[in-house]
Amino acid sequence: MLITKMLSPKSVLITGCNRGIGLEFVKQFLQLTKPPRFLFACCRNPEQATDLNVIAKSNSSVTVLQIDVTKQESIDKAKAYVASKVEGDGLNLLINNSGLVGRQGVEDVTREDMLKCYEVNAIGPLMMAQAFLPLLRQAASLSPSEPLSCNKAAIINMSTGVASISENSSGGRYPYRASKAALNMITSNLSLDLKTDGILCTAIHPGWVKTEMGGPNALISTEESLKGIMSVLEKLQGEEGSGKFYHGVRGDLIGW
Ligand SMILES: NC(=O)c1ccc[n+]([C@@H]2O[C@H](COP(=O)([O-])OP(=O)(O)OC[C@H]3O[C@@H](n4cnc5c(N)ncnc54)[C@H](OP(=O)(O)O)[C@@H]3O)[C@@H](O)[C@H]2O)c1
């Protein structure tokens with residue numbers, strides 16, 4: 001049996017950190033017993049990310065980076081910056097958190113609604129994984145005998161329970177459900193393709209969370225959601241932690 005090691009990745013990159021779950025991720029990583037040496041907190045408009053900039057000002061490990069996951073130049077520019085900072089250590093943990101909800105139903109959904117959600121929720125995370133792959137490989141190569149984990153090298157994709165095909169019981173929300181289901185397939189595929197590189201890849205549903213996306217009637221706060229997610233991240237050890245779809249709050253698996 002694997003012994004669970006404390007969550008302590010040396011470097012972490014998270015998208016969509018200006019608000020909601022992404023902002024709370026930054027706060028929770030800073031509260032770890034051993035916080036990351038490099039915490040790359042990405043957002044589309046750094047100059048407008050007031051709360052995030054306050055955190056970065058008082059924590060030298062936090063770098064606010066511009067990334068729009070639909071713009072390849074911004075991904076490539078951020079990757080070059082991260083590579084210059086982490087040098088030979090690579091990147092331990094990539095969290096594809098940014099997301100876009102599209103609630104349109106069968107009568108009113110448009111081609112544009114579908115494309116927008118696919119760009120942000122599925123294609124963006126895949127292009128992020130592709131761009132940061134050399135840095136994740138570099139990190140994994142430093143501890144070849146260690147089991148897969150978020151401390152070694154991992155990609156975590158923020159999915160949603162409503163992307164589950166097996167648990168779909170209410171219909172609707174075509175852009176969101178379909179694009180996040182595509183993200184789930186990308187997650188499963190990456191876990192297979194990157195296993196031999198020593199890179200873990202898993203999808204997590206954060207619960208129904210009070211954010212701009214979740215709305216005020218959601219069931220839990222970002223703190224409650226992240227408390228669960230951080231403990232799931234810590235428990236992801238070995239091949240059995242990869243290629244899965246976890247409920248971040250309950251800690252159990254969701255059917256694809
Ligand atoms: N809240 C929930 O109940 C819930 C439930 C299930 C899953 N999730 C998932 O959890 C993740 C975080 O959700 P949240 O509740 O924190 O949502 P949120 O409050 O709406 O925040 C979404 C984040 O994604 C960013 N984003 C949107 N488009 C982007 C793009 N093209 N490039 C880069 N960043 C972009 C937003 O940046 P801007 O401010 O610039 O728009 C914002 O930082 C999402 O993937 C979501 O699908 C949330």
Side-chain angles (χ1 to χ4, degrees), residues 2 4-17 22 25 29 32 34-42 61-63 65-69 71-98 122-159 182-204 232-246:
L2 294 169
T4 305
K5 287 200 179 151
M6 194 174 68
L7 184 65
S8 56
K10 284 200 207 95
S11 57
V12 181
L13 185 145
I14 310 160
T15 59
C17 290
F25 255 126
F29 272 108
L32 289 177
K34 205 170 163 204
R37 182 161 167 240
F38 295 107
L39 185 42
F40 301 103
C42 307
S61 56
V62 179
T63 305
L65 281 184
Q66 200 273 337
I67 289 188
D68 180 330
V69 299
K71 304 264 186 311
Q72 193 61 37
E73 327 79 77
S74 79
I75 296 177
D76 294 341
K77 204 171 153 197
K79 186 246 161 175
Y81 180 83
V82 171
S84 74
K85 287 288 160 190
V86 297
E87 295 177 333
D89 286 343
L91 178 69
N92 298 110
L93 181 57
L94 165 63
I95 302 181
N96 282 313
N97 165 73
S98 49
I123 302 168
L126 176 59
M127 292 302 119
M128 286 290 295
Q130 184 187 62
F132 286 91
L133 195 49
L135 296 180
L136 290 161
R137 280 199 179 113
Q138 206 166 18
S141 72
L142 297 179
S143 50
S145 56
E146 286 285 314
L148 302 185
S149 77
C150 290
N151 290 348
K152 180 174 171 160
I155 300 167
I156 300 298
N157 291 328
M158 294 310 289
S159 185
L183 177 66
N184 283 353
M185 175 51 91
I186 287 166
T187 306
S188 169
N189 241 18
L190 286 172
S191 76
L192 297 170
D193 288 340
L194 306 183
K195 189 159 70 176
T196 52
D197 289 309
I199 302 169
L200 179 146
C201 186
T202 262
I204 298 186
V232 168
L233 294 188
E234 187 160 77
K235 285 188 200 122
L236 298 177
Q237 307 264 337
E239 285 185 18
E240 61 274 29
S242 196
K244 298 288 182 341
F245 183 15
Y246 279 92

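Residue numbers run from 1 in the order of the sequence given.
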Q: Let me see the working for Leu194 and Leu133 under side chain to side chain contact (heavy atoms under 4.5 Å, CB included), right down to the final yes or no.
A: CA-CA 9 Å; Leu194 306 183; Leu133 195 49; 3.7 Å; yes
Q: Measure the shortest side-chain to side-chain distance between Ser61 and Arg37 over non-hydrogen atoms and say whether it is less than 4.5 angstrom.
A: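 SC-SC contact between Ser61 and Arg37 ruled out.
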Q: Could you tell me whether the side chain of Ser98 and the main chain of Thr15 form a donor-acceptor pair under 3.5 Å?
A: no
Q: Does Lys235 reach the side chain of Tyr246, with side-chain heavy atoms less than 4.5 Å apart?
A: no
Q: Restricting to side chain to side chain contact (heavy atoms under 4.5 Å, CB included), what partner residues turn up for Lys71, sequence neighbours left out?
A: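 Residues passing side chain to side chain contact (heavy atoms under 4.5 Å, CB included) with Lys71: Asp68, Glu73, Ser74.
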Q: Can you tell me how far the OG atom of Ser159 sits from the CG atom of Asn96, to the nearest 0.5 Å?
A: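 The CG atom of Asn96 is 11.5 Å from OG of Ser159, to the nearest 0.5 Å.
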Q: Which pair of heavy atoms, one from Pro9 and one from Cys150, lies closest together, and at what distance?
A: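 So the two residues come closest at CB-O, 3.5 Å.
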Q: Apply side chain to side chain contact (heavy atoms under 4.5 Å, CB included) to Asn151 and Lys5, showing your working.
A: CA-CA 9 Å; Asn151 290 348; Lys5 287 200 179 151; 4.2 Å; yes
Q: Is Asn97 reaching over with its side chain to a backbone N or O of Gly16, donor-acceptor style, under 3.5 angstrom?
A: yes
Q: Could you tell me which non-hydrogen atom of Ala78 sits nearest to which non-hydrogen atom of Gln66, and how far apart they are?
A: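 That would be CB-O, 4.2 Å.
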Q: What's the separation between atom CE in Met185 and atom CG in Asn189, rounded to the nearest 0.5 Å?
A: 6.0 Å
Q: Please round to the nearest 0.5 Å and tell me the distance separating atom CG of Leu126 and atom CD1 of Ile186.
A: 5.0 Å
Q: How long is the gap from OG on Ser191 to CD1 on Ile155, to the nearest 0.5 Å?
A: 10.0 Å
Q: Under the side chain to side chain donor-acceptor pair (under 3.5 Å) rule, collect the residues that match up with Ser11, sequence neighbours excluded.
A: Asn92
Q: Evaluate the criterion side chain to side chain contact (heavy atoms under 4.5 Å, CB included) for residue pair Leu233 and Phe29; output intermediate values, then yes/no.
A: CA-CA 11 Å; Leu233 294 188; Phe29 272 108; 4.1 Å; yes
Q: Could you walk me through whether Ile199 and Arg137 satisfy the side chain to side chain contact (heavy atoms under 4.5 Å, CB included) test, starting with their C-alpha distance in whole Å, then the side-chain angles of each, then the deciding distance to 0.1 Å, before giving a yes or no?
A: CA-CA 7 Å; Ile199 302 169; Arg137 280 199 179 113; 4.0 Å; yes
Q: With sequence neighbours excluded, tell me which residues meet side chain to side chain donor-acceptor pair (under 3.5 Å) with Thr187.
A: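 Residues passing side chain to side chain donor-acceptor pair (under 3.5 Å) with Thr187: Asn157.
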Q: So, for Leu136 and Ala154, which heavy atoms are closest and what is the spacing to 0.1 Å?
A: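 The pair with the smallest heavy-atom distance is CD2-O, 3.8 Å.
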Q: Are the side chain of Lys152 and the backbone N or O of Ser143 linked by a donor-acceptor pair below 3.5 Å?
A: yes
Q: Check Cys17 against Ala41 and note the closest heavy-atom contact, atom names and distance.
A: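 Scanning both residues completely, I find the closest heavy atoms to be SG-CA, 3.8 Å.
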Q: First locate atom OG of Ser141, then atom CG of Asp89, and finally report the distance between them rounded to the nearest 0.5 Å.
A: 10.0 Å
Q: List the atom of Met128, the atom of Leu94, and the distance in Å for their closest heavy-atom pair.
A: CE-CD1, 3.8 Å
Q: Identify the heavy atoms of Leu236 and Thr202 that sit nearest to each other, and give their distance.
A: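 Closest heavy-atom pair between Leu236 and Thr202: CD1-CG2, 4.0 Å.
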Q: Enter the distance from Tyr81:OH to Leu65:CG here, rounded to the nearest 0.5 Å.
A: 6.5 Å
